[in-house]
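One-based numbering, in listed order, for ligands and for the atoms of each. Just so it is clear, the values below take in all heavy atoms, side chains as well, and ignore hydrogens, waters and symmetry mates.
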Amino acid sequence: MDEPYMDEPWWTRSVGYQIYVRSYADANGDGLGDLPGILERIDHVAWLGADVVWINPFFPSPMRDAGYDVADYCGVDDRFGQIADFDAVVARAHELGLRVVIDVVPNHTSSDHPWFVAARSARDDPYRDYYIWRDPAPDGGPPNNWASVFGGRAWTYDDATGQYWLHLFLPQMPDLNWAHPAVADEFDAILRFWLERGVDGFRVDVAHALTKHPALPDLPEVTELADGRRPLTGASRTFDGLAHVYDFDQPDNVEVYRRWRRVVAEHDALLLGEVYLLDAAAVRRYVADQSGLHLSFWFGPLHCDWDADALRATLREAVAELGRWVSWPLGNHDRPRTASAFGGGAPGRERALALATLMFGLPGLPFVYQGEELGLDDVEVPVDQLQDPIARHSTPERARDRARTPMPWEPVPGFGFTTGGTQPWLPFGPRTDADTVAGQRADPDSTLRRYRALVAVRREVGDLTADTPTRWLDAPGEAVIAYRRGDALVVANTGDDPVAWPLPAGRWRVRFSSTSPDDERRTIVGEAALAPRQALVLTPDPSDPPAAG
Ligand code: GLC
């Protein structure tokens, strides 16, 4: 970062970019993305202007959950390359000025992990307590009513040893027992392994669930969800019918991150949690005193309908509770693509960009999921080609494959993702030349060019990332969401009608427009004429500056 910010953590004014390795770029032509593919295409991230890449799991895995079922935390799956390929990605990223964040998956291992293989071999095996085992209930059924996020029960019976093991995800993803001190020691070593290889931080998978209530009580049932909220995960109906008061968000979670904070501090590395709680006051506990996680993702906007009041409320809630210690995901590999979530097609794309503009002006670290910068829609993957285990454990409608299809790089067969003729692991779907990176780079009006301009304006307008309060200028019931950050003003028309929005007195310069580059560098006075779904970033014009905000 530039000199004036030397005393701040490096992520404070950064923009993140999420690389889903399976679908970013396939260098060996087997249809699956890989680390050499990332090496070939990582320049794209630097061109976009982002500062941090988060690379999804590439560790050895039986791939029952796309690599989140880890069988060896300190290696690279052959399908993605070798450890030397990872080192090359890190070296190239650093050359480009990018930081590298990788996943750490501490809630569960794969059932193929040697720890679980040993744990399952006998009740008195030394690894038994690495996992959570319980005797059957008196009727022989599971020990409690907990459900798996992916569908079905959270317990599977082991015939050989006569006990159930706990798994909040697949049966083949047994939950680790964080009450056992050896587990914490193992993860200290895992973090150090990657830090010593040069990684700059960790995205902590399922960060809200590591420790469980020691008594494992039954969960209360819920009948209604809070107003306007979609279910917590949307993955499984059984799971969404329970109040997650003993499996999620237990007080000891924070203790794990306090311990890790000391480990990462030695390397000035970032701890970014996937604290999947849709209540910012609860998430706050993980970041507020800055002794545990540095940042947490806030998923509220990805669980909203396109409704000004709902969006405004979730943005405000995060800013009020999490301040600067928040990361704003613009899509991810678990949620529908933002454009599709908000109506699809051109209007969906415009809404996604308006939301991105609002997120980029707020304190925190925005994170762009690969392909969001192209405004991609979800792909309707035929049911027989779905890979996500949720399709089998819950329903095909809930499968996450739609947002995981390969990146369209170039208007050629295989889209520059894989060699022409190779079937990628998920279909490209109806992508056109205009969806590709090359096509959009050549078009000054493209969505990609808008995102690049948005990343640039965030860097240019220091007030957007400064440690200053956010002052909201809008009111409930309005289609417009607006706030000031220092002297800068960000305003978005969420509605489908044009709006003339009264500006504070003085002359304003348009620094960014989500709909058209032609609007930029204009100055405006009196009111902002906002097109449907248009967002603007404005700063005072030096010739007649508005009163200080
Ligand atoms: C996280 C990941 C998701 C995975 C789950 C289990 O939510 O983002 O993809 O399925 O954890 O590890």
Considering the options R262, R259, R261, which one meets the salt bridge (Lys or Arg N to Asp or Glu O under 4.0 Å) requirement together with D188?
-> R259
Is F150 touching ligand 1 with its side chain, its backbone, both, or neither, if touching means heavy atoms under 4.0 Å apart?
-> side chain
Just checking, any donor-acceptor pair under 3.5 angstrom between side chains of H44 and E373?
-> yes
Heavy atom of the protein closest to atom 8 (O) of ligand 1 (residue, atom name, distance) = D334 OD2, 2.5 Å
Protein contact of atom 10 (O) of ligand 1 - nearest heavy atom, named by residue and atom, plus distance | D65 OD2, 2.6 Å
What about H333 and Y68, are their ring centers closer than 6.0 Å?
-> yes
Determine, for W146 and R153, whether the Lys NZ or Arg CZ falls below 6.0 Å from the six-membered ring centre while staying within 45 degrees of the axis.
-> no
Output the list of atoms in ligand 1 that are nearer than 4.0 Å to some heavy atom of H108, sorted by atom number.
-> 6 (C), 12 (O)
Atoms of ligand 1 close to R203 [distance to a heavy atom under 4.0 angstrom, numbered from 1] | 2 (C), 8 (O)
Touching ligand 1 at all, H208? Heavy atoms, strictly under 4.0 Å?
-> no
For this output row, return yes or no: ring centroids of W178 and F187 closer than 6.0 angstrom.
-> yes
List the closest protein heavy-atom neighbour of atom 5 (C) of ligand 1: residue, atom name, distance to the nearest 0.1 Å.
-> F169 CE2, 3.8 Å
Under 30°, 30 to 60°, or over 60°: which ring-plane class applies to F297 and F299, parallel, tilted or perpendicular?
-> tilted
Please work out which of R404, R64, E274, R400 has its closest non-hydrogen atom nearest to atom 7 (O) of ligand 1.
-> E274
Knowing that exactly one of I38, I19, V15 qualifies, which makes a side chain to side chain contact (heavy atoms under 4.5 Å, CB included) with V45?
-> I19
Which protein heavy atom lies closest to atom 11 (O) of ligand 1, and at what distance to 0.1 Å?
-> D205 OD1, 2.9 Å
